[in-house]
Amino acid sequence: MPEGHTIHRLARDLGRDLDHGPVAALSPQGRFAEGAARIDGNIFDKSEAYGKHLFCYWRTGDILHVHLGLIGKFRPTPLDDDPGDTIRLRLEGRDAAWHLTGPQSCAIITPEDRDDITAKLGPDPLRRGAKRRDDFISRLGSTKRPIGAALLDQSIVAGIGNVYRAELLLLTGIHPSRPACDLDEEQAGELWDLTVRQLKRGRKWNRIVTVSDDDVDRRVTHNIAPEDALYAYHRSDEPCRRCGTLIEAREIAGRSIWFCPSCQPR
DNA sequence: TACATATGATCAT
DNA sequence: TGATCCTATGTAA
């Protein structure tokens, strides 16, 4: 379930599991046979996330670039399992194996390619960097498109997807159709700060939970039922958890967004 | 069995 | 804006 938090968590977990020596690679599905053969037996150095892009660095200098797209998954699997024929890539270290299915992209790239990819991305709330916040504010300020469209644009901010955009706008009380450049600096800054906090929480729990602990009666985050974890996403005609007004849906940037007409006035 | 849908992005028109 | 790609899952037929 890939928004930025998933990819950052993946980078961390892959690093933990594969950073012990040579890694076996194969493509049971066949569509990445050449790439897998090139990686096979090589030393894994580190992995890194940038927005929704995952980069795995090999001692040979090769970089594995993975983008999960809408339906892709990259998950740990028992060492002794039987890889099915939809597994694009299997990576197997000494103690752990991972299976990649349905990626939007999976390729061996060069450091130059990697830089070309990241150069097109806006600031990533989960990466370090002193100017990220100002960068976000300035990029929002320079588009008249609706804020609901701007948050999905990876060249404005890298890592937000359809769930977080709805949740972040409800939590900040911003109507999704408001032009991004209409937000004042304080409001845009608040939106960035909230994004950082929420994505960190998502990375920690490896799932999206935006409701505050108060709102879930102090239950621990990982025990929250899926239907209780969010304020807005996919909650058409259900009462807002903050004010009781019925949640509405509309389409922005080709995707559905849900919002509270009272908490998020125009 | 078939279809709709999904936390994404690209390409064509 | 619409079609398309990739896979898994849930619901309908």
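Each chain gets a letter, A, B and so on, in the order its sequence line appears, and its residues count up from 1. Keep in mind that the numbers below use all heavy atoms, side chains included, and drop hydrogens, waters and symmetry copies.
Listed for the Arg241(A) side chain is a donor-acceptor partner under 3.5 Å among the backbone atoms of Leu230(A). With hydrogens and angles disregarded, no donor-acceptor distance shorter than 3.5 Å links the side chain of Glu92(A) to the backbone of Ala24(A). Asn42(A) places no side-chain N or O within 3.5 Å of a backbone atom of Arg59(A) that could act as its donor or acceptor partner. A distance-only check finds no donor-acceptor pair linking the side chain of Glu48(A) to the backbone of Leu54(A) [under 3.5 Å]. Side-chain atoms of Gln264(A) come within 3.5 Å of backbone N or O of Ile174(A) as a donor-acceptor pair.
Between His67(A) and Ile71(A), the residue anchored nearer the 5' end of DNA chain B, judged by the nucleotide with its closest heavy atom, is Ile71(A). Residues His234(A) and His53(A) both approach DNA chain B. Their nearest nucleotides, taken by heavy-atom distance, put His234(A) toward the 5′ side.
In this structure, Arg255(A) reaches the dG8(B) phosphate: one of its side-chain N or O atoms is under 4.0 Å from OP1 or OP2. Phosphate proximity of dT7(C) to Lys73(A): absent, as no side-chain N or O sits under 4.0 Å from OP1 or OP2. Between Gln29(A) and dT7(C) there is a side-chain polar atom (N or O) within less than 4.0 angstrom of OP1 or OP2. Residue Gln154(A) has no polar side-chain atom (N or O) positioned under 4.0 Å from OP1 or OP2 of dG8(B).
For Thr118(A) and Arg114(A), the side-chain atoms include at least one donor-acceptor pair closer than 3.5 Å.
Nucleotides dT10(B) and dA8(C) are separated by 23 Å at their P atoms, to the nearest Å. Spacing between dA9(B) and dT9(C) at atom P, rounded to whole Å, works out to 22 Å. Across the C1' atoms, dT7(B) and dT1(C) are found 22 Å apart, a figure rounded to whole Å. If you take atom P in dC6(C) and the same atom in dT1(B), they sit 22 Å apart, rounded to whole Å.
Closest to the side chain of Arg88(A), from the set dA9(B), dT7(C), dA8(C), is dT7(C). In the set dT7(B), dA6(B), dA9(B), the nucleotide with an atom closest to the side chain of Pro2(A) is dT7(B). For Thr86(A), the listed nucleotide lying nearest its side chain is dT7(C); candidates were dA9(B), dT7(C), dA6(B). When the nucleotides dA6(B), dA8(C), dG8(B) are ranked by their closest atom to the side chain of Thr101(A), dA8(C) comes out on top.
If you measure from atom CG of Leu151(A) to atom P of dG8(B), you get 12 Å, rounded to the nearest angstrom. With rounding to whole Å, Ile156(A) atom CD1 is found 15 Å from dA9(B) atom C1'. One interatomic measurement links the two molecules: CD of Gln198(A) to P of dT7(B), which rounds to 18 Å at whole-angstrom precision. Counting to the nearest Å, the C1' atom of dT7(B) and the CG atom of Leu168(A) are 13 Å from each other. A straight line from CG of Leu152(A) to P of dA9(B) spans 8 Å, rounded to a whole angstrom. Atom pair Ile257(A):CD1 and dG8(B):P shows a separation of 12 Å (rounding to whole Å applied). Summarising the geometry, the separation between CD on Glu251(A) and P on dT1(C) is reported as 9 Å, rounded to the nearest angstrom. Between the CG atom of Leu89(A) and the C1' atom of dT7(C) there is a distance of 16 Å, rounded to whole Å.
Helical stems involving DNA chain B, defined as 3 or more consecutive Watson-Crick or G-U pairs under 3.5 Å, span B:1-6 with C:7-12, B:8-12 with C:1-5.
The CD1 atom of Ile117(A) lies 6.5 Å from the CG atom of Asp113(A); values are rounded to the nearest 0.5 Å.
When the shell of 6.0 Å around CZ of Arg38(A) is examined, it contains 12 or fewer heavy atoms from other residues, nucleotides or ligands. Within 6.0 Å of the CD atom in Glu186(A), the count of heavy atoms belonging to other residues, nucleotides or ligands does not exceed 12.
Nucleic acid contact for Arg165(A): none, since no nucleic acid atom lies under 4.0 Å from a heavy atom of the residue. Residue contacts shown for Glu167(A) are absent, as no nucleic acid heavy atom lies under 4.0 Å away. At the heavy-atom level, Gly102(A) lies under 4.0 Å from base atoms of the strands shown.
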